[in-house]
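Just below is one structure, and these are the notes that go with it.
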Amino acid sequence: MDPYHQGSLAVQARAGLRDEAHRVGVVIGDGIKPVAAAFLGLQPMLVIGAADEDGRMWSSLITGRPGFLRATGPHSVSVAGRAPDGDPLGGALASGPLPVGTIALDPRTRRRMRLNGTAHPTARGIGIEAERVFANCPKYIRRRFLEESAQDASAGEDVRRGERLTPDQEAFIRAADTFFIASAAPHGVDASHRGGEPGFVRVESPVSLAFDDYPGNAMFLTLGNLEKDPRAGLLFLDWATGATLQVTGAARTEFSGRDRRTVHFGITGVVEHPHASPLRWSLA
């Protein structure tokens with residue numbers, strides 16, 4: 001069975017990479033293998049993408065001591081934690097079954113794993129029934145060391161909300177070398193990662209961003225999703241301070257021949273949490 005929907009197939013064909021995508025598509029499975037379970041158990045953070053109660057797409061960060069994230073079977077994951085207070089997905093994750101895309105990324109080893117499925121609230125946090133599981137290559141991931149946690153994540157009163165970027169938030173994005181993106185898929189939700197040198201995400205205005213799509217694994221899962229549904233949510237993380245900046249809106253891809261693709265992102269909502277994560281990372 002082809003693991004791709006029509007949106008991804010269209011982008012693969014436009015890029016001339018349909019055959020390569022077919023070869024790498026075999027990595028997409030529906031179960032959690034032992035090596036993947038071991039990887040999850042070592043992680044101190046998980047990015048989760050989903051739609052809020054109003055249908056807007058967001059990417060959120062959940063953190064915990066290693067072991068807070070663990071596979072409880074070949075098709076199930078337990079997350080002993082919740083999104084920070086004031087997070088835009090807090091209500092949706094607590095209210096019942098919710099399609100989600102997740103990505104566990106380890107800067108220490110430059111490994112990442114994506115797991116999509118359905119989340120439901122539990123007494124300790126969140127349970128996820130896995131439907132699609134696969135690993136990604138280490139491209140565009142900067143190696144970092146995990147330092148001691150500086151503090152607990154703060155309460156929700158520190159959260160700042162808006163519909164456009166402030167000048168400080170624009171600077172936050174320009175300094176970023178990493179962001180995570182959630183997109184709606186016919187089978188649920190995907191969460192993915194993008195990395196580059198600071199400035200690779202361009203702030204075109206307080207309500208508009210742009211970034212180039214760098215060569216990757218040829219799957220075009222995110223761009224394929226955006227072909228069918230423009231909703232997306234981006235998460236920017238300040239690795240040194242634990243601050244996060246989340247933006248939601250709609251994205252479209254501009255194609256310039258086979259080799260150049262630029263994603264234009266229109267912002268409709270912004271959430272800044274100065275102390276979302278207690279984790280502190282430094283460049284290796």
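All values below were derived from every heavy atom in this structure, side-chain atoms included, with hydrogens, water molecules and symmetry-related copies excluded. On a predicted model such as this, the values are computed, not experimentally measured, just so you know. Numbers here are sequence positions counted from 1.
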| remark: In this structure, NE2 of His273 is separated from CD of Gln246 (nearest 0.5 Å) by 8.5 Å
| remark: NZ of Lys228 to CG of Leu223, rounded to nearest 0.5 Å, is 14.5 Å
| If you count the non-hydrogen atoms of other residues, nucleotides and ligands that lie under 6.0 Å from CD in Glu204, is the total more than 12? | yes
| request: Please assess Val79 against Ile48 for the test side-chain contact (heavy atoms from CB on, under 4.5 Å), listing each intermediate value before the final yes or no. | output: CA-CA 11 Å; Val79 184; Ile48 187 165; over 6 Å; no
| task | Quick one: do Asp212 and Arg202 satisfy side-chain contact (heavy atoms from CB on, under 4.5 Å)? Show the steps, please. | result | CA-CA 9 Å; Asp212 294 329; Arg202 302 183 293 279; 3.4 Å; yes
| task | Establish whether Ile141 and Leu42 are linked, either directly or via other cluster members, by ILVMFWY side-chain heavy-atom contacts under 4.5 Å. | result | no
| Pairwise distance CZ(Arg132) to CZ(Arg114) - rounded to 0.5 angstrom | 8.5 Å
| field | Check: Gly233 main-chain N/O paired with Thr248 side-chain donor or acceptor under 3.5 Å | value | no
| query | Is Arg280 salt-bridged to Glu147, going by a charged N under 4.0 Å from an acidic O? | reply | no
| query | What's the verdict on side-chain contact (heavy atoms from CB on, under 4.5 Å) for Val77 and Leu46, showing C-alpha distance, side-chain angles and the deciding distance? | reply | CA-CA 12 Å; Val77 172; Leu46 178 73; over 6 Å; no
| said: Quick check for you: to the nearest 0.5 Å, what is the distance between Arg82 atom CZ and Leu89 atom CG? | reply: 14.5 Å
| Taking atom CZ of Arg70 as the centre, does the number of heavy atoms from other residues, nucleotides or ligands within less than 6.0 Å exceed 12? | no
| field | Over 12 foreign heavy atoms within 6.0 Å of CZ, Arg108 | value | yes
| message | Would you say CZ of Phe255 has more than 12 non-hydrogen atoms from neighbouring residues, nucleotides or ligands within 6.0 angstrom? | response | yes
| remark: One should read off an interatomic distance between Arg143 CZ and Thr109 OG1, to the nearest 0.5 angstrom, of 7.5 Å
Using residues 176-186 as the side-chain source, report each donor-acceptor pair under 3.5 Å to any protein atom, sequence neighbours left out, with the distance given to one decimal.
residue	atom	partner	partner atom	Å
Asp177	OD1	Arg144	NH2	3.3
Asp177	OD2	Arg144	NH2	2.8
Ser183	OG	Asn225	ND2	2.9

| query | Which pairs count as salt bridge (charged side-chain N to carboxylate O under 4.0 Å, His left out) when at least one residue sits in residues 230-256, sequence neighbours excluded? | reply | Asp229-Arg231
| message | Applying side-chain hydrogen bond (donor to acceptor under 3.5 Å, both in side chains) to Glu227 and Thr253, what does each step give before you reach the verdict? | response | CA-CA 8 Å; Glu227 283 282 292; Thr253 306; 5.1 Å; no
| message | I need the single residue from Arg18, Arg14, Arg261 that forms a side chain to side chain contact (heavy atoms under 4.5 Å, CB included) with Phe220. Which is it? | response | Arg261
| query | Going from CG on Asp52 to CG on Leu93, what distance comes out if it is rounded to the nearest 0.5 angstrom? | reply | 10.5 Å
